[in-house]
Structures are given as structure tokens and as C-alpha cells.
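Take this structure first; my questions come after.
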Amino acid sequence: MSEKILIIGACGQIGSELTFKLRRIYGEENVIASDISYSNENIVNSGIFEIVDAQDYASVMVCVEKYKIDTIYLMAAMLSATGEKYPMKAWDLNMTSLFHVLNLARAKFIKKVFWPSSIAVYGSTTPKEYTPQYTIMEPSTVYGITKQVGERWCEYYYNKYDVDVRSIRYPGIISWKTLPGGGTTDYAVEIYHEAIKNKSYECFLKADTELPMMFMDDAIKATVDIMKAKASSIKIRSSYNLAAISFTPKEVADSIKKHIPDFNIEYKPDYRQEIANSWPKSINDSYARQDWKWKHKFLLDDITKEMLFQLDKKYNQTK
Ligand code: AKB
């Protein structure tokens, strides 16, 4: 019998693509998508979908019992930029949902948990270049604090209660199917939409702000791979550093100009600049590469080509 999976936060940027991928691997009937509202038609209409409030233990539990769930992917979270506007809401959502899922695993209702962490666990006192797995972590955003604390709890539940929880620290994720929402790295998705729609973009970060980034296909592969790996090869139970490429807004703009020569970018940094300044420029992910054989595929020009091709189809060829 196949593993039964519940994805909480399936309407979001990563949750939606993860749902499609897991359905291809495990079969449609074995992957239950859920979210707090019907905000993504593609997900709602593409298979089993349930309304689940990640902050309500009973709501999650009902779904776990109904479908006899083995594994939960907890993708619901408030990201860095929105978290700065609503600090207590970010804390409540990000922590309460994690405790509910960890406690379900502790009580043996489910067997396995995936919980995403982020490069936001790092702060301005962290070494910026090729940031190691084990280093100073003094996050300055509420989102980063929830991720760092969450990592400590994941490791605690693994050590004390034998909960099989696995996690990776996502960098900024670039994708064309579902828009991200409320993150500091969102510019790297918006820029492609605006390039296709208007040939111009006003960037909320400075031209030379270098951040770690990854194409969605690589991020989904990493998520599937860490969850498929043998438990004995997962040596880190807080969260793994994960990396692909790093680039600046100017470098994305230059990459876009290879396809759209008259693309224009202007820089108007806002409050998100300070968040970006506190994060690493690049990440050392050697533990992930060693323990569960992580390898990325997509470089900046590959990403640009695919993003522009897909978004051109979406905006121009469906008219
Ligand atoms: C954000 O910008 O908040 C997220 C992240 C790096 O975790 N994309």
C-alpha cells in the first residue's frame, strides 16, 4: 500500500508544485492537498482537496484520521516581508502549525514530517560568503526567528520522541506556475512576469544585492529526495543548508536582456533591503550533498530561458 500524504499549505508557491510532483510519484488518490481557503483553482480542481486550518489541531487531526495519513508536508507559513508587518501573526502561524504536526508524529498518528526552514535563520553576524551549516545564527526577522526556533524543536522532537522529521533551508525559489507571496526574494519571480508583460521592472532591492536562489524544479527535487532518503542517512535533524546559485538583481536583468534587449530595470529599495542585507550571499551545502546526494541542475541562464518561455505562453499566447 502506498504512503498516504497530506500537504498543508498546498495552494502556495512551493506547496502547489509539490502537490503535482507527489501525485505523479505516489498516485493521485494518495496525496491530499489542503489549505485554509480555495485560493488556487489548479490545486483545488486537480485532485483531493480539503480545507485545513494549520493552526487548529482538530482541523489537522480530522484530515489525518479521514485519510489515514502517514506523512505531512507542512508548507503553510508567513514569509519574511509579511512577517515584519504582522510579527505576532507570523509567530503564531509558523510555530503553532509546527507544534501541531510534531505532536501528531509524537503521538504516532503520523510517521514522517517535512518542514521547510530557510536561509532566513541567518542574520547580519553570520559569515556572508559560503555560509557553513554550523555558524552564528542571529536572525533579525520574525520569520527567521520562527525558522531558527522551529529547527531547534525539530531536532528536540527527533532526539526525545524519535519523530522522523526532515527539513531543508530553502533559498529564494523561482517558479512560473504560482506566485510567491510576502517574501524578500520574491523580486526574482516578479521581474520575469514584468519583463514579459511590460518590458520593465521596479526592483525593491538594490542592484548589487546578492542572495542564494534556486529554480523550483531543483527545490522540489531536493524535497522529494530528502523525504525518500533512508532515515539513517539523514544525519541533521534541525535543517540542512541547501544551495544552487546566487545572483543579484542586476545579474537577472542582464540575463533577461539576452532575450529582451530593451528590458529596463529601476531600483527603489524599500524595507525589504534591510532584510536582504542580513542574509547570506551564498551557502555551503556540503552536508546535503554528502548525506543524501543533493545536486542542483539549473543555472541563472537556464532559469531565465524557462521562465520567459513559460510566461510568454501564459500571457501572450493564450490571448
Ligand atoms: C523569503 O524571502 O521570505 C523566502 C525565504 C528566503 O525563505 N523566500
Side-chain angles (χ1 to χ4, degrees), residues 9 11-18 73-87 89-91 93-95 97-98 114-124 126 128 131 137 139-151 154 167-193 203-206 209-220 222-223 238-249 252 269-283 285 288 296 298 303 307:
C11 289
Q13 187 202 15
I14 305 178
S16 57
E17 300 218 23
L18 189 61
Y73 291 72
L74 175 55
M75 310 309 288
M78 192 179 287
L79 299 188
S80 57
T82 311
E84 291 312 284
K85 291 187 185 151
Y86 309 105
K89 276 192 185 161
W91 173 261
L93 169 61
N94 296 1
M95 298 315 302
S97 58
L98 175 60
F114 177 81
W115 177 76
S117 186
S118 159
I119 55 164
V121 291
Y122 295 118
S124 55
T126 303
K128 287 222 174 298
T131 302
M137 293 164 98
S140 52
T141 60
V142 176
Y143 172 64
I145 294 169
T146 64
K147 290 298 177 188
Q148 192 200 21
V149 173
E151 286 190 8
C154 287
S167 175
I168 48 193
R169 292 174 182 149
Y170 288 127
I173 307 294
I174 300 155
S175 65
W176 53 270
K177 283 190 190 143
T178 306
L179 279 168
T184 304
T185 57
D186 293 6
Y187 91 83
V189 179
E190 289 171 9
I191 193 169
Y192 289 108
H193 285 259
C203 186
F204 57 75
L205 297 182
K206 285 190 204 154
T209 312
E210 185 178 357
L211 288 170
M213 298 280 184
M214 182 177 287
F215 194 46
M216 180 62 89
D217 296 37
D218 277 336
I220 297 296
T223 310
S238 51
S239 190
Y240 277 91
N241 269 7
L242 189 77
I245 52 175
S246 286
F247 55 71
T248 66
V252 199
D270 65 15
Y271 70 101
R272 288 168 280 194
Q273 184 65 49
E274 202 186 319
I275 301 176
N277 289 347
S278 75
W279 288 352
K281 291 178 193 287
S282 57
I283 298 284
D285 63 351
H296 71 278
F298 292 86
I303 297 174
M307 289 294 286

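The figures here come from the full heavy-atom set of this structure, side chains too, leaving out hydrogens, waters and symmetry mates. Ligands are counted one by one from 1 in listed order, and the atoms in each one are counted from 1 as well.
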Sub-4.0 Å atoms of ligand 1 with respect to non-hydrogen atoms of S80
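Here the atoms of ligand 1 in question are 1 (C), 2 (O), 3 (O).
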Protein residue, atom and distance nearest to atom 4 (C) of ligand 1, heavy-atom basis
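So the nearest neighbour among protein heavy atoms is T185 OG1, 4.0 Å.
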Which atoms of ligand 1 sit under 4.0 Å from any heavy atom of L79?
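Once the distances to L79 are compared, the set is 3 (O).
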Show the atoms of ligand 1 that are less than 4.0 angstrom away from any heavy atom in T184.
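Numbered from 1, ligand 1 contributes 1 (C), 2 (O), 3 (O).
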Say whether D186, considering both its backbone and side-chain N or O atoms, lies within less than 3.5 Å of an N or O atom on ligand 1.
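N/O-N/O distance below 3.5 Å does not exist for this pair.
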Spell out, as yes or no, whether a donor-acceptor pair under 3.5 Å connects the side chain of T131 to the backbone of S282.
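Here the side-chain-to-backbone pair exists.
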For W279, counting its heavy atoms only, list the atoms of ligand 1 lying under 4.0 Å from any of them.
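Answer for ligand 1: 1 (C), 2 (O), 3 (O), 6 (C).
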Report the relative orientation of the aromatic rings in F114 and Y73; use parallel for angles under 30°, tilted for 30 to 60°, perpendicular for over 60°.
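Rings of F114 and Y73: tilted, as their planes differ by 30° to 60°.
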Could you tell me whether the side chain of S246 and the main chain of K281 form a donor-acceptor pair under 3.5 Å?
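At least one qualifying donor-acceptor pair exists.
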Beyond-backbone contact of M216 with Q13, side-chain heavy atoms, under 4.5 angstrom:
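SC-SC contact between M216 and Q13 confirmed.
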Do any N/O atoms on Y143 end up under 3.5 angstrom from N/O atoms on ligand 1?
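Such a contact does occur with ligand 1.
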Could you check atom 5 (C) of ligand 1 against the protein and tell me its nearest heavy-atom contact, residue, atom and distance included?
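Its nearest protein heavy-atom neighbour is S118 OG, 3.5 Å.
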State, with a plain yes or no, whether a side-chain heavy atom of E151 is found less than 4.5 Å away from one of W115.
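Yes, close enough: below the 4.5 Å cut-off.
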Checking the side chain of K206 only, and the main-chain atoms of Q273 only, is there a donor and an acceptor separated by less than 3.5 Å?
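Not at all, since once roles are kept as given, no pair shorter than 3.5 Å links the two residues.
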